[in-house]
Amino acid sequence: MPELPEVETTRRGLLPHVVGHTVNDVVVRNPNLRWPVPGDLRRRLRGEKVLAVRRRGKYLLFDFPKGHLLVHLGMSGRLSLVRDDAPVERHDHFDLQFGAHRALRLTDPRRFGAVLWLPDPAEKHTLLSGLGVEPLERGFTGLALQERARGRSVAVKQFLMNGRIVTGVGNIYANEALFGAGIHPLRSVSRISRGRWDRLAESVRATLNRAIDAGGTTLRDFAGADGQLGHFQLQCAVYGREGKPCPRCGAKIRAIRQGQRSTFFCPRCQK
DNA sequence: AGAGGTACCTGGCAGC
DNA sequence: TGCTGCCAGGTACCTC
C-alpha cells in the first residue's frame, strides 16, 4: 500500500543490500502485472551489476550499465529481501536473485504494479517524461504550484493527486497535507492565494517527511527473518477518521467522495 | 487542454 | 456459514 514515503523507505532499505551487487538470476512467476513483464529480463540482467537505485514519484529505478529496471508497487505491491530458497507464496510474482542466497522479491496481490525494462535514457520513457515536480525537491514551492494551477479550476485535492502536476502524492497524503495547510479539499485551485499555496507546499513536504522518518524505524526489519518491510503507521489527523474529533479543534471529521476516492477533512479548520 | 470516468485485480469486511 | 456488494493507499487511457 505504497505511497511515496513507503516507496522511499523501501528504496533506502534496499540500497545497502542491492547496490554494487550482481544479479545471478531472474525469476518471473507471473508476468501478468499491469503490463506484461518483458520476457528477456533474464538475458538482460544476468551477470549485470546494480549501479544505483533511484526513485521518481512512486517509480523505483534500478540502474544497470545497459539500462534500467523500473518497478512500480501499484496499490498492493511490496518488495522484500528474502533467501532465494524462501517458500514462494501465491502473490510472489518476481525475484531478482543476487549472490549469498539473497533475492529481492516482488509480492503484489492486486497486480497493479509493474516491472519493465527501460533503455537509456530512462527519463525519456513515456511513463517518466510527463511526471510533475518531485515534492521533496527544491523546485516544489508554492509559486510552482500556483503557476501550474493557472487556467485550471479543479478542486485542489485532485490537483495535488495529479501526477503530471506533482508526482507521488496519493490519497492519504493529499488528505493529510490539506488538513495541515487548513485548505478545504473541494476548493478550486483558481481560488487559492499566494500565501496559502506556500503553506500547502510546506505542508505536503512536512507530511511526507514525517512519514519517511516514521518509516525509518522499520528499516531495521528490512532484511529480517521474513524479509518483510512492515507498513508504518502514519498518525493520521483526518484520513480514515470520519466522525472522530479533529485533533486541532474537536469538530467531527467529515468524509465525502471526490473523483471516486475518499476525502476526509475538518469542516471547521479547512476553508 | 482540461475534466471526468473507466479499467486493470484480489482480498477484506459489513450486512443480510 | 455463505453469499453479495462495496471498498481499498495507483494511474494510464479513454471520451467529451
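Proteins get letters first, then strands, A, B, ... in listed order; numbering begins at 1 in each. Because the structure is predicted, anything quoted here is derived from the model rather than measured.
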Without decimals, in angstroms, what is the distance between [X] [atom1] and [N] [atom2]?
X: N162(A); N: dG5(B); atom1: CG; atom2: P; value: 15 Å
X: D108(A); N: dG11(B); atom1: CG; atom2: C1'; value: 12 Å
X: F159(A); N: dA1(B); atom1: CZ; atom2: P; value: 17 Å
X: R164(A); N: dG4(B); atom1: CZ; atom2: P; value: 17 Å
X: Y173(A); N: dT11(C); atom1: OH; atom2: P; value: 14 Å
X: L127(A); N: dG10(C); atom1: CG; atom2: P; value: 16 Å
X: N175(A); N: dA8(C); atom1: CG; atom2: P; value: 11 Å
X: Q158(A); N: dG10(C); atom1: CD; atom2: P; value: 14 Å

Touch class at under 4.0 angstrom, heavy-atom based, for G170(A) against every strand present: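 Since only primed, P, OP1 and OP2 atoms lie under 4.0 Å of G170(A), the category is sugar-phosphate.
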Sugar-phosphate only, base, or nothing, as touched by L73(A) at under 4.0 Å among non-hydrogen atoms: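 Nothing: the residue L73(A), judged by heavy atoms under 4.0 Å, touches no strand.
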Picking from [options], which would you name as closest to the side chain of [X]?
X: Q260(A); options: dG10(C), dG5(B), dA12(C); answer: dG5(B)
X: E3(A); options: dC9(B), dG9(C), dA12(C); answer: dG9(C)
X: R90(A); options: dT10(B), dT11(C), dA3(B); answer: dT10(B)
X: K58(A); options: dA8(C), dG10(C), dA3(B); answer: dG10(C)
X: Y59(A); options: dA8(C), dG10(C), dA12(C); answer: dA12(C)
X: R111(A); options: dG10(C), dG2(B), dC9(B); answer: dC9(B)
X: H91(A); options: dT11(C), dG9(C), dT10(B); answer: dT10(B)

Sub-6.0 Å ring centroid separation between W35(A) and F112(A):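 Between W35(A) and F112(A), the centre distance exceeds or equals 6.0 Å.
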Between H68(A) and F62(A), ring centroids under 6.0 Å: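 No, the ring centres sit 6.0 Å or more apart.
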Worked verdict on E202(A) versus R205(A) for salt bridge (Lys or Arg N to Asp or Glu O under 4.0 Å): CA-CA 5 Å; E202(A) 186 44 42; R205(A) 196 193 332 272; 3.3 Å; yes
Would you please confirm or rule out a distance under 4.0 Å between OP1 or OP2 of [N] and any side-chain N or O of [X]?
X: Y239(A); N: dA8(C); answer: no
X: H72(A); N: dT11(C); answer: yes
X: S153(A); N: dG2(B); answer: no
X: R257(A); N: dA8(C); answer: yes
X: R152(A); N: dG2(B); answer: yes
X: R261(A); N: dG9(C); answer: yes

Watson-Crick or G-U wobble mate for dC9(B), both contacts under 3.5 Å: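 Matched dC9(B) with nothing under the 3.5 Å cut-off.
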dG2(C) - base-pair partner by Watson-Crick or wobble geometry, distances under 3.5 Å: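 The base-pairing partner of dG2(C), which may sit in any strand shown, is dC16(B).
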R56(A) and its salt bridge (charged side-chain N to carboxylate O under 4.0 Å, His left out) partner, picked from E123(A), E8(A), E134(A):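 It is E134(A); the other options fail the test.
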Inter-nucleotide P distance (dG5(B), dC7(C)), Å rounded: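 To the nearest whole Å, 15 Å.
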R110(A) vs G168(A), nearer the 5' end of DNA chain C by closest nucleotide: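 Its nearest nucleotide being more 5', the pick is R110(A).
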Along DNA chain C (nearest heavy atom to each residue), the more 5'-positioned of T126(A) and M161(A):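 The 5'-side residue here is M161(A).
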Derivation of the side chain to side chain donor-acceptor pair (under 3.5 Å) call for D108(A) and H91(A): CA-CA 6 Å; D108(A) 183 5; H91(A) 302 296; over 6 Å; no
F112(A)-dC8(B) aromatic stacking (under 5.5 Å, under 30°):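 Stack criterion met.
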Spacing of D25(A) atom CG and L45(A) atom CG [to the nearest 0.5 Å]: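 The CG atom of D25(A) sits 10.0 Å away from the CG atom of L45(A).
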Exercise: do S129(A) and K124(A) side chains pair donor with acceptor under 3.5 Å: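 Absent: no donor and acceptor within the cut-off.
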5′-ward residue of the pair R34(A)/A155(A) relative to DNA chain B: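 Nearest nucleotide further toward 5': that of A155(A).
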